[in-house]
Amino acid sequence: MDPTPQAIRAALTAPDPEPLFAEARAERFRSKGNGVFLRGLIELSNRCLRDCLYCGMRRSNPHPRRYALSDDDVLASARLARDLGFGTVVLQAGENAALWTRQRVSTLVRRIRSETGQRVTLSLGERAEADTAAWREAGAERYLLRFETSDLSLFRAIHPGAPAEGPHPRIGMLRRLRAQGYEIGSGIMLGIPGQTLDSVVRDLLLFRELHLDMIGLGPYLADPQTPLGADPAPSEVPVSVGFTCRCYALARLLCPWANIPSTTALSTLDPAEGRIRGLSSGANVFMPNLTPDACRADYRIYPGKICAVAPQADSMEALRADFAALGLVQCEG
Ligand code: 5AD
């Protein structure tokens, strides 16, 4: 893959994407083998203090029932991840430094490490350097923070409270996390109103420049309970499985080393085929949802969010059937 804007743009718009998918599949086997890593996603809480214009969990949305897991709930989900042979849990929450304090998260990370042996990835939003330093010290190894778009004016338009001046706040935080010794993950939404194809080309090149360890990509799904979703505006970037998979393929070719999940948003857009199509265009990770059943539906980032594989035996069977169809196997780590 020629890492130039021209070549990337051409791949995003070529009439037939199949050669791109085939090349990404081949690169995936070359660089990552035939394993799929499973990461247990634990959604700690939807009590978010941010008001992002696109997100159903934004603090101004009166509709969701708000919840927060107890530490014991989180530990129970982490034990389930261990019992299912996953290796890693991802702790994700709406951004809330009052609820997920430095001390509380440090304690949780230490308990998960010592009581379950699972590795810990954090996805708790934009947080102070001293917080993430303490969590690294406690044993967290990876941090996920999507920059959503590298187009600064679009980023500011959809993130109330983002600094009006200066560089992209999330890109700055990603660099600090890297310096603290984290593996870093980031990514974008595809099809945000006002997003341009050229900005997606720049986003893809930025993944490579940041040398991201993990890349999360999903279609933007309009939520009528949000300002952006209630007032649909056009985007040059399609919200489609095909376009999302082209971006998976390009991420794989530009960053062969990266771990790339087939995301919940992709499966929500196409519940029957989304997961397998993601895995056949370069993705090598899947993140089953291990949030306790009673809260899962409340972690509603966008409408219709499928609860990507409840970890019951039957849905693990369906997951393994997809892997087998593609010549892949569940891999610990
Ligand atoms: N559609 C698709 N993805 C969304 N996210 C938030 N809101 C939406 C939406 N309406 C994604 C963002 C965020 C991640 C946790 O969920 O990229 O970083």
Side-chain angles (χ1 to χ4, degrees), residues 39 41-61 63-64 90-96 100 121-127 142-151 154-155 157-160 162 168-171 173-174 177 184-195 199-200 203 206-207 212 214-233 235 237-241 243-244 247-248 251 260-270 274 278 287 289 291 296 298-308:
R39 316 291 195 208
L41 178 63
I42 309 175
E43 296 156 330
L44 304 184
S45 165
N46 63 354
R47 293 186 205 273
C48 188
L49 300 178
R50 292 274 175 147
D51 224 8
C52 307
L53 297 190
Y54 52 85
C55 181
M57 268 166 35
R58 64 199 304 273
R59 66 155 191 262
S60 301
N61 184 358
H63 300 293
V90 179
L91 307 187
Q92 188 177 86
E95 192 173 308
N96 191 329
W100 302 105
T121 300
L122 297 174
S123 181
L124 301 175
E126 291 174 51
R127 296 291 300 254
R142 305 187 178 110
Y143 203 99
L144 306 178
L145 180 73
R146 290 190 183 176
F147 60 76
E148 316 294 357
T149 172
S150 61
D151 174 341
L154 178 58
F155 183 87
I158 61 178
H159 294 98
H168 196 302
R170 296 195 178 177
I171 294 170
M173 180 168 164
L174 287 164
L177 289 164
I184 56 171
S186 191
I188 59 173
M189 289 183 288
L190 296 161
I192 308 168
Q195 194 176 34
S199 78
V200 172
D203 296 339
L206 186 58
F207 296 163
L212 294 180
M214 288 88 65
I215 301 172
L217 296 166
Y220 162 72
L221 301 168
D223 184 338
Q225 293 181 3
T226 65
L228 202 66
D231 176 21
S235 175
V237 177
V239 173
S240 72
V241 176
F243 188 84
T244 305
C247 291
Y248 283 7
I260 303 177
S262 183
T263 56
T264 308
L266 181 60
S267 291
T268 299
L269 194 58
D270 182 349
M287 294 167 57
N289 190 309
T291 307
R296 208 179 272 197
D298 297 320
Y299 197 86
R300 183 182 167 285
I301 303 179
Y302 42 73
K305 176 171 160 262
I306 66 146
C307 287

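Model, not experiment: these values are computed from the prediction. Every number for a ligand or one of its atoms is a count from 1 in the order of the listing.
Side-chain contact between P64 and R300 is absent, with no heavy atoms from C-beta onward closer than 4.5 Å. With a 4.5 Å cut-off on side-chain heavy atoms, Y302 and T226 do not count as touching.
Between Y54 and H159, the angle of the ring planes goes over 60°, which puts this pair in the perpendicular group of the 30/60° scheme. Taking the six-membered ring where the residue is Trp, F155 and H168 present tilted rings, their angle falling between 30° and 60°.
The closest approach between any non-hydrogen atom of G56 and ligand 1 is not below 4.0 Å. In this structure, D223 falls outside the shell of residues with a heavy atom less than 4.0 angstrom from ligand 1.
The shortest N or O to N or O distance between R146 and ligand 1 is under 3.5 Å. In terms of N/O distances under 3.5 Å, ligand 1 is approached by L221. Residue Y220 has no N or O atom closer than 3.5 Å to an N or O atom of ligand 1.
Counting only heavy atoms of the protein, atom 4 (C) of ligand 1 lies nearest to M189 SD, 3.3 Å. The shortest contact between atom 6 (C) of ligand 1 and any protein heavy atom is with I301 CG2, 2.9 Å.
The heavy atom nearest to atom 17 (O) of ligand 1, considering only R300, E148, M57, is found in E148.
Here the OG1 atom belonging to T263 is positioned 12.5 Å from the CD1 atom belonging to I215, to the nearest 0.5 angstrom.
For the 3.5 Å distance criterion, the side chains of N289 and E43 qualify, holding a donor opposite an acceptor.
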- prompt: Step by step, would you call S262 with L266 a side chain to side chain contact (heavy atoms under 4.5 Å, CB included)?
  reply: CA-CA 7 Å; S262 183; L266 181 60; 4.0 Å; yes
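Contacts with ligand 1 closer than 4.0 Å are made by backbone heavy atoms (N, CA, C, O) of P219 only, the side chain lying farther away.
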